[in-house]
Amino acid sequence: MNLKRKVEVAVISDVHLGTYGCHAKQLLTYLNSITPKTLILNGDIVDIWQFSKRYFPKSHLQVIKKIMDFAADGVDVIYITGNHDEMLRKFSGTKIGNISIVDKKVMTLDGKKAWFFHGDVFDASIQNAKWLAKLGGYGYDLLILFNRFINWILVTMGKERYSLSKKIKNSVKRAIKYISDFEEVATDLAIENGYDYVICGHIHQPKMIVKKNKKGETMYLNSGDWIENFTALEYQFKRWKIYNYNTDKRSAFFADEDIKTMDIQDLISAITIFNPKAVKRQ
């Protein structure tokens with residue numbers, strides 16, 4: 001039997017369940033490999049913007065079931081809303097068993113203050129032209145779908161995978177400036193409010209760096225995504241680290257668990273059956 005890693009806090013974001021770009025199987029393998037005390041879902045877990053009844057495969061349901069199993073086993077699951085799952089913001093403050101829905105979260109970790117939020121509040125394109133941002137989301141999804149086809153050919157030929165979207169982002173100065181501005185705004189606000197850590201998602205760029213200005217310093221962390229980078233954040237033994245599925249040599253040992261033997265109807269039944277009395281406002 002393989003021992004799972006104990007993690008005090010695990011953070012994932014930008015999973016985009018319900019889209020072709022989501023790598024749910026890899027995420028499920030990661031979730032199977034850890035035993036967290038707290039699991040923070042930092043936005044864009046389910047992509048409600050691009051949700052389609054025609055596409056929500058078994059592996060995506062398995063991720064939801066796994067998260068619910070964590071909660072049933074006593075793990076604190078904190079769902080922080082993002083822009084692609086913004087419809088959940090009307091339920092902010094709701095608690096269902098060990099699952100809570102919030103727009104942001106402040107935690108104290110070994111005497112240090114950590115500020116968690118998705119990060120779309122800084123995105124002017126979403127705040128001022130939501131229809132344009134959604135249109136961009138569809139285009140991104142098509143690019144990812146095309147990239148999957150390219151990678152299938154590359155893997156078949158025995159070559160390494162290639163990320164078109166990452167290549168485009170890294171070559172466009174405007175995208176690079178946006179990421180830099182995002183980090184600067186987030187860290188300046190964190191320092192001003194006395195937070196030791198600021199933890200975001202949204203921009204699909206995993207990162208961990210100490211940022212300083214005239215007023216002080218903070219550690220900026222971004223959990224990345226499960227579209228391109230396959231990354232998460234973990235806090236254990238008073239330290240943060242970026243988990244990368246692509247470099248995890250132990251991941252194959254956790255690919256097969258009982259949940260994978262359930263058919264779609266069993267998964268849907270397990271997800272939808274809950275006790276209404278457990279639902280309450282915080």
Side-chain angles (χ1 to χ4, degrees), residues 4 7 9-92 94-103 105 116 118 137 141 144 201 223-227 230-233 243 245 251 254-276 278-279:
K4 299 186 179 186
V7 180
V9 181
V11 185
I12 61 173
S13 70
D14 301 277
V15 177
H16 295 275
L17 293 170
T19 67
Y20 292 104
C22 173
H23 287 80
K25 291 180 180 179
Q26 287 86 343
L27 175 57
L28 183 63
T29 299
Y30 166 63
L31 294 176
N32 284 337
S33 73
I34 61 173
T35 303
K37 288 184 179 179
T38 301
L39 175 64
I40 295 182
L41 310 173
N42 201 0
D44 289 1
I45 304 302
V46 179
D47 199 318
I48 299 175
W49 273 13
Q50 300 175 73
F51 181 79
S52 170
K53 292 181 180 178
R54 295 189 301 273
Y55 188 79
F56 208 91
K58 181 180 176 180
S59 59
H60 295 214
L61 290 170
Q62 289 169 332
V63 169
I64 295 175
K65 176 63 167 59
K66 182 64 182 180
I67 291 170
M68 293 180 68
D69 285 347
F70 273 142
D73 291 338
V75 176
D76 286 328
V77 177
I78 301 169
Y79 195 126
I80 300 174
T81 56
N83 51 300
H84 283 255
D85 45 23
E86 65 177 351
M87 288 179 65
L88 295 177
R89 285 176 177 162
K90 66 180 70 175
F91 302 108
S92 183
T94 300
K95 188 174 179 65
I96 307 172
N98 287 321
I99 302 175
S100 55
I101 301 174
V102 297
D103 295 331
K105 181 71 176 180
F116 299 83
H118 181 63
D141 205 37
I144 292 295
S223 45
D225 65 280
W226 288 86
I227 302 290
F230 306 174
T231 52
L233 293 170
Y243 168 87
Y245 177 88
S251 62
F254 300 94
D256 297 312
E257 292 227 342
D258 292 342
I259 192 172
K260 292 204 168 188
T261 65
M262 299 176 70
D263 61 31
I264 289 179
Q265 291 303 317
D266 288 340
L267 283 165
I268 293 174
S269 296
I271 291 169
T272 55
I273 294 174
F274 70 99
N275 181 5
V279 181

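What you are looking at is a predicted structure, and each value in this text was computed from that prediction instead of being measured.
- For the pair Asp85 and Tyr79, the minimum side-chain heavy-atom distance is below 4.5 Å.
- In plain terms, the two heavy atoms of His16 and Asp47 that are nearest each other are ND1-OD2, 2.7 Å.
- Distance CD1/Ile64 to CD1/Ile45: 10.0 Å, rounded to 0.5 Å.
- Residues Asn83 and Asp44 approach most closely at N-OD1, 3.2 Å, considering heavy atoms.
- Atom CG of residue Leu27 and atom CD1 of residue Ile227 lie 10.5 Å apart, to the nearest 0.5 angstrom.
- Of all heavy-atom pairs between Gly201 and Ser13, the closest is CA-OG, 3.6 Å.
- For Tyr30, the ring-ring contact (aromatic ring centres under 6.0 Å, His included) partners two or more places apart in sequence, or in a different chain, are Trp226, Tyr243.
- Residues forming a side-chain hydrogen bond (donor to acceptor under 3.5 Å, both in side chains) with Thr81 (at least two apart in sequence, or on another chain): Arg89, Asp103.
- Across every non-hydrogen atom of His60 and Ala24, the tightest pair is CD2-CB, 3.5 Å.
- Heavy atoms only, all atoms of each residue included: Ser223 and Val11 are closest at CB-O, 3.9 Å.
- Taken from OG1 in Thr29 to NE2 in His23, the straight-line distance is 12.0 Å, to the nearest 0.5 Å.
- Gln62 places none of its side-chain heavy atoms less than 4.5 Å from the side chain of Lys66.
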Donor-acceptor contacts, no H, no angles, side chain residues 35-42, under 3.5 Å, sequence neighbours left out:
residue, atom, partner, partner atom, Å
Asn42, OD1, His118, N, 3.2
Asn42, ND2, Phe117, O, 3.2
Asn42, ND2, Ile199, O, 3.3

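- The side-chain contact (heavy atoms from CB on, under 4.5 Å) test with Ile99 is passed by exactly one of Val77, Ile78, Thr94: Val77.
- Here CD1 of Ile12 is found 11.0 Å from CG of Leu233. Values are rounded to the nearest 0.5 Å.
- Under the side chain to side chain contact (heavy atoms under 4.5 Å, CB included) criterion, Ala72 pairs with no residue, sequence neighbours left out.
- Summarising the geometry of Asn32 relative to Lys4, their closest heavy-atom pair is O-CE, 2.9 Å, with the distance given to 0.1 Å.
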